[in-house]
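Okay, structure first, notes after.
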Number of protein chains: 2
Amino acid sequence: MSSRAPTLEDVAREAGVSRATVSRVVNGVRNVDPAIQDLVRRAVARTGYAPNRAARSLVTRRTETVALVVSGAGDLSDEAQDAFASRVFSDPFFGRVVAGVTGYLRPRSMYPVLMFAETPEARRDVVAYLRQGRADGALVVSTHAEDALPPLLAEAELPAVLFARPARPLPLSCVDLAHRDGGHLAAERLLARGCRRSVTIAGPLAVAASQERLAGFRRTMARRGHPSVPVAEGAFTLDSGRTAMAALLDEHPDLDGVFAANDLMAQGACEVLRERDRRIPQDVAVVGLDDSSAAVTCRPPLTTVRQPVEQMAAAMARLLDEHIRGDRTEPASEIFAPELVVRDSA
Amino acid sequence: MSSRAPTLEDVAREAGVSRATVSRVVNGVRNVDPAIQDLVRRAVARTGYAPNRAARSLVTRRTETVALVVSGAGDLSDEAQDAFASRVFSDPFFGRVVAGVTGYLRPRSMYPVLMFAETPEARRDVVAYLRQGRADGALVVSTHAEDALPPLLAEAELPAVLFARPARPLPLSCVDLAHRDGGHLAAERLLARGCRRSVTIAGPLAVAASQERLAGFRRTMARRGHPSVPVAEGAFTLDSGRTAMAALLDEHPDLDGVFAANDLMAQGACEVLRERDRRIPQDVAVVGLDDSSAAVTCRPPLTTVRQPVEQMAAAMARLLDEHIRGDRTEPASEIFAPELVVRDSA
DNA sequence: GTGAAAGCGCTAACAT
DNA sequence: ATGTTAGCGCTTTCAC
């Protein structure tokens, strides 16, 4: 058994060259004689050398690691925090974020460190983690608009990129959806189907994205002769979609179109509509937003406005990478266009 | 702006002591005069000192980081790999694993690095990552029994703990469920409800866990006068549950009890049963296994056999931690007892 | 109880 | 094109 892992020194001795030369070869720096490169590579293979990252990080001041932080505004107890983790993961949205992020990072041999920041203390831990140089920057996905983490990161001047614009402007890059256009696409679809009495289940109105989806929907409806559309506020959850749909049905039994601001609420709405014997889409057309796996699982499969989450998440990782390498110094925001995906519900 | 982050040296100067003393205070080593401790702590606060982890790791040979690897037997293309990430996350099981792991890690200021290992190359990357000392060990959750990663880890003598026993014995610690007992509990429940014509939807039979759940179910059924039980093989997915249920119904229209080897398949089974106008549980009783969030989402909510995933995941993290610190040298396996959770479906 | 000093393994000037 | 050398910031003997 190897009592000690081989070091650059060992490889250098084995190859009969200096440490520096081995380092150059290992790091793919040019200006090394091809013959010697070969010699070194062979020595590396023989010794089974693997560069010690701590040593490298110490001098390069880089870890090639980024934190992927799921942050909320809440101030939860310890048990609630653990529940938070499984709640986050039960939302198909998060899986798409992870897929997009790893899609970018992986070819670069980078991997995300998963952190949850649901309490003030946890947020401090995130900042401390970065300040210790355990990660080069953070990708932040907030569950609430008033998330306290981004300001902390900005103040500490730590590289960070946000998914969705923060409630208050911050000198941080972010990616976001053109939410208004999303509402617009949903309205167009319902109108095209001939719906005359559409309603909408909005997301939590404290969230800017919810406001904008609603505004886009309303504006298009107004322009097309429907100046007032009944609205019920939901919380982006299945249950809140059910509750909102029930309330809307009670007040407007003759409704014939529904735009739910996300798929999960649309799914809840579908459940209630079917329980009340409305056929979808014949009696009531339903349009969701996200194109999450819930859209496919839903009966009937949802016509929905696709949010290109994977692309957005990949862009987030790319922006962070650029900031870290110093290729980008000013904060940027990249806005992505939604797209209508037609299935069976509308 | 600080052009350079404060180091131990800076704090030492500020406090008028030596680097060594500051180090002792920061690391909570005793044998430091309380008065000096105070002095140092104040200096740390004033300077805003955060220890450089790379430097520390270089000497301690430890990163206080562990990898959380989701590994499969497959050999997927790049695009399929990205899809793999979102698929993994859409399974509620994984969220519970993350919750359990972070529950143990977080109080210790440790965070998991998320890695997917769906290809031979990705598995090599995982081994390389650990060999470079970027993480102290790995927590491995395999999606298939014949996962090639655990043997690689064992061979490289890297600290690792597995969720579920490997197909072939390996000198690695693992946690697992008493699967047979799970099947037994399900059988008992169906029998207690008076089911006389029970069937079962098994998991993929290549997986040992599936085999054992089935064996436990069958044995109890046999002992209680039902020597042969119809079986359909599923793949632990919603759709496979639907397909299996449909097949079983076609062959045994009079069935009155179903044990599905996980909740997702049970949910699929419920959907099909309702579509075919069977009332649950009056006409057909359904028992799942996992007690995942699918069990609660399902209509009706599932009676199921709970797998204490969070506890198992936490134990996995603890075992790994013990191996890393050298508190445990021999591989251990911890087996957890399943528990019946009664809801509405049986 | 505290300080001095060695050295962890690597990269990057600089010299050749 | 290659080698020499000086650190990166920390922990940890070893003296005192």
Side-chain angles (χ1 to χ4, degrees), chain A residues 2-41 43-44 47-65 128-134 136 325-326, chain B residues 2-41 43-44 47-65 128 130-134 136 325:
Chain A
S2 58
S3 60
R4 189 179 57 85
T7 70
L8 262 194
E9 186 72 53
D10 298 325
V11 180
R13 197 178 316 113
E14 178 82 15
V17 298
S18 74
R19 280 211 312 274
T21 300
V22 179
S23 176
R24 289 185 186 105
V25 173
V26 169
N27 292 298
V29 178
R30 55 183 178 290
N31 291 345
V32 176
D33 188 299
I36 295 203
Q37 284 192 33
D38 234 63
L39 205 63
V40 171
R41 262 188 259 286
V44 166
T47 54
Y49 172 73
N52 179 317
R53 297 302 299 234
R56 177 181 295 180
S57 290
L58 185 56
V59 29
T60 61
R61 312 188 149 283
R62 209 153 280 166
T63 57
E64 307 291 332
T65 294
Y129 194 89
L130 292 165
R131 295 219 327 129
Q132 296 181 3
R134 299 181 70 173
D136 299 329
R325 327 207 90 79
Chain B
S2 57
S3 59
R4 187 180 58 85
T7 71
L8 262 194
E9 186 72 51
D10 298 325
V11 179
R13 197 179 315 112
E14 179 82 13
V17 298
S18 74
R19 282 212 309 275
T21 299
V22 178
S23 176
R24 290 187 186 106
V25 173
V26 169
N27 291 298
V29 179
R30 57 184 176 291
N31 291 346
V32 177
D33 188 303
I36 295 201
Q37 284 193 33
D38 233 65
L39 206 64
V40 171
R41 261 188 259 286
V44 167
T47 53
Y49 170 73
N52 179 317
R53 297 302 299 234
R56 178 180 294 180
S57 290
L58 184 54
V59 29
T60 61
R61 313 188 149 284
R62 208 153 280 165
T63 57
E64 308 290 333
T65 294
L130 292 166
R131 295 216 331 126
Q132 296 181 4
R134 297 181 72 173
D136 299 328
R325 324 207 93 76

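Lettering of chains follows the sequences in order, A, B, ..., and the numbering in each one begins at 1.
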5' to 3', nucleotides 11-16 of chain C under a 4.0 Å protein heavy-atom cut-off (B base, S sugar-phosphate only, - none) gives BBB---

Has B/D38 got a side-chain atom pairing as donor or acceptor with B/A35's backbone, closer than 3.5 angstrom?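 No, because the side chain of B/D38 does not come within donor-acceptor range (under 3.5 Å) of the backbone of B/A35.
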
Could you check whether any side-chain N or O of B/R134 sits under 3.5 Å from a backbone N or O of B/T63, counting only pairs where one atom can act as donor and the other as acceptor?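 A pair under 3.5 Å: no.
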
The criterion is side-chain hydrogen bond (donor to acceptor under 3.5 Å, both in side chains); which residues satisfy it with [X], sequence neighbours excluded?
| X | result |
| --- | --- |
| B/R41 | B/Q37 |
| A/T60 | none |
| A/T21 | A/S18 |

Scan for salt bridge (Lys or Arg N to Asp or Glu O under 4.0 Å) pairs involving residues 14-25 of chain A, sequence neighbours excluded, and state none if there are none.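 Qualifying pairs, neighbours excluded: A/E9-A/R19, A/E14-A/R46.
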
Which residues share a ring pair (Phe, Tyr, Trp, His ring centres under 6.0 Å) with A/Y49, sequence neighbours left out: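 Counting only residues at least two positions away or on another chain, A/Y49 forms no ring pair (Phe, Tyr, Trp, His ring centres under 6.0 Å).
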
In chain order, what residues pass the side-chain contact (heavy atoms from CB on, under 4.5 Å) check against B/S23, with sequence neighbours excluded?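 Checked B/S23 against side-chain contact (heavy atoms from CB on, under 4.5 Å); matches are B/L8, B/N27.
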
Salt bridge (charged side-chain N to carboxylate O under 4.0 Å, His left out) with [X]: which residues, sequence neighbours excluded?
| X | value |
| --- | --- |
| A/D33 | none |
| A/D136 | none |
| A/R325 | A/E64, A/D321 |

Starting at [atom1] of [X] and ending at [atom2] of [N], how long is that distance when rounded to a whole Å?
| X | N | atom1 | atom2 | value |
| --- | --- | --- | --- | --- |
| B/R61 | C/dG7 | CZ | C1' | 11 Å |
| B/Q132 | C/dC10 | CD | P | 10 Å |
| B/R62 | C/dC8 | CZ | P | 18 Å |
| B/R131 | C/dG9 | CZ | C1' | 15 Å |
| B/N52 | C/dC10 | CG | P | 17 Å |

Pick the nucleotide of DNA chain D nearest each of A/V17 and B/L58; which residue has the one closer to the 5' end?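 That would be A/V17.
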
Reading DNA chain D 5' to 3', what string of ( ), [ ], | and . shows its pairs, if Watson-Crick and G-U wobble pairs count only when both distances fall under 3.5 Å? ||||||||||||||||

Under 4.0 Å between any heavy atoms, over every strand shown, what does A/N31 touch: base, sugar-phosphate, or nothing? Just pick one.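 Touches a base.
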
Quick check on C/dG3: is either OP1 or OP2 less than 4.0 Å from any side-chain nitrogen or oxygen of B/T21?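 Indeed, a polar side-chain atom of B/T21 lies that close.
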
Starting at the 5' end of DNA chain C, which residue's closest nucleotide do you reach first, A/A50 or B/P34?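 Result: B/P34.
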
Please list, in 5' to 3' order, the outermost nucleotides of DNA chain D lying under 4.0 Å from any heavy atom of chain B.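 The contacted stretch runs from D/dG9 to D/dT13.
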
